[in-house]
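Below is one structure, written out as structure tokens; the observations come after it.
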Amino acid sequence: MKTRLCILSIVIQLIVFVSIGCAQSYGGRNYDGNWWVSAKDRRVKNSFIAGFLSGVELGYRFSSWDLLGANKDCGYKVTRGYYAYKTNFLATVNVSQIADGLDLFYSDVKNKRIKIYDAVWIVLNIISGRPDNEVKEMIENYRKNS
């Protein structure tokens, strides 16, 4: 058990150090379209998206751990909602598809100020087949709020 915890600790530290190095190399932590376009190396983009998706999983776990024990109804709603979104938006896509979608999305200079987490949501909606008029409205709303 101690060995597993030690290995886990080392892995987490490596991920943090690599992430900090990438963030510093590409202009800090303002993860928007300007950062995305400046990150020319495909490996950096794919690694960022892979980490982002791992963060989605961790975010789900953080939001549900206490609820499953204390408030089962709420915990089950969180779990059901998470798996519905995961099934509808993530089950059939891979890291490269999301990165390609972000490349295309950020090729429009009007989208450069939109944060990556919002842009990923837009890209996933496009990939999932959301109607064009709804996507355009979504993009306009994010542009106004960026």
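- Leu53 has its side chain within reach of Ile98: a pair of non-hydrogen atoms, C-beta onward, lies under 4.5 Å apart.
- Of the inter-residue distances, the one linking Ile127 atom CD1 with Leu90 atom CG reads 9.5 Å to the nearest 0.5 angstrom.
- For Tyr106, the side chain to side chain donor-acceptor pair (under 3.5 Å) test picks out no residue, with sequence neighbours left out.
- The local environment of CD in Gln97 is crowded, with over 12 non-hydrogen atoms from other residues, nucleotides or ligands closer than 6.0 Å.
- Shown here for Val120 and Phe52, the closest heavy-atom pair between the two residues is CG1-CE2, 3.6 Å.
- Here CD1 of Ile126 is found 8.5 Å from CE of Met138. Values are rounded to the nearest 0.5 Å.
- Under the 4.5 Å side-chain criterion, counting only non-hydrogen atoms from C-beta, Lys115 is in contact with Asn30.
- Across all non-hydrogen atoms, the minimal contact from Ala119 to Leu102 is CB-CD2, 3.5 Å.
- Listed by first then second residue, pairs satisfying ring pair (Phe, Tyr, Trp, His ring centres under 6.0 Å) with a partner in residues 121-146 read Tyr85-Trp121, Phe89-Trp121, not counting sequence neighbours.
- The backbone N or O of Val135 lies less than 3.5 Å from no partner atom in the side chain of Arg130, so there is not a single donor-acceptor pair.
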Considering only distance and modelled atom types, tabulate donor-acceptor pairs under 3.5 Å from the side chains of residues 43-50, sequence neighbours left out.
| unit_1 | atom_1 | unit_2 | atom_2 | d |
| --- | --- | --- | --- | --- |
| Arg43 | NE | Asp41 | OD1 | 3.2 |
| Arg43 | NH2 | Asp41 | OD2 | 3.0 |
| Lys45 | NZ | Asp103 | OD1 | 2.8 |
| Asn46 | OD1 | Arg42 | NE | 3.4 |
| Ser47 | OG | Arg43 | O | 2.8 |

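- Remark: Glu140 does not engage Lys136 in a salt bridge, criterion side-chain N to carboxylate O under 4.0 Å.
- Within the model, atoms CG of Asn145 and CZ of Arg113 stand 10.0 Å from one another, a figure rounded to the nearest 0.5 Å.
- Tyr82 OH to Arg61 CZ: the interatomic distance, rounded to the nearest 0.5 Å, is 7.5 Å.
- A salt bridge links Asp108 with Arg143; the closest basic N to acidic carboxylate O contact falls under 4.0 Å.
- Listed for the Asn111 side chain is a donor-acceptor partner under 3.5 Å among the backbone atoms of Phe105.
- The environment of CG in Asp132 is sparse: at most 12 heavy-atom neighbours from other residues, nucleotides or ligands sit within 6.0 Å.
- Between Tyr60 and Tyr83, some side-chain heavy-atom pair lies under the 4.5 Å cut-off.
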Check against side chain to side chain contact (heavy atoms under 4.5 Å, CB included), Lys112 and Val37: CA-CA 9 Å; Lys112 295 269 175 81; Val37 170; 3.6 Å; yes
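- The shortest non-hydrogen separation linking Asn125 to Ser128 is O-OG, 2.9 Å.
- Cluster membership check: Leu104 does not share its hydrophobic cluster with Ile116, using side-chain heavy-atom separations under 4.5 Å among Ile, Leu, Val, Met, Phe, Trp and Tyr.
- To the nearest 0.5 Å, atoms CD1 (Ile114) and CG (Asn34) are separated by 11.0 Å.
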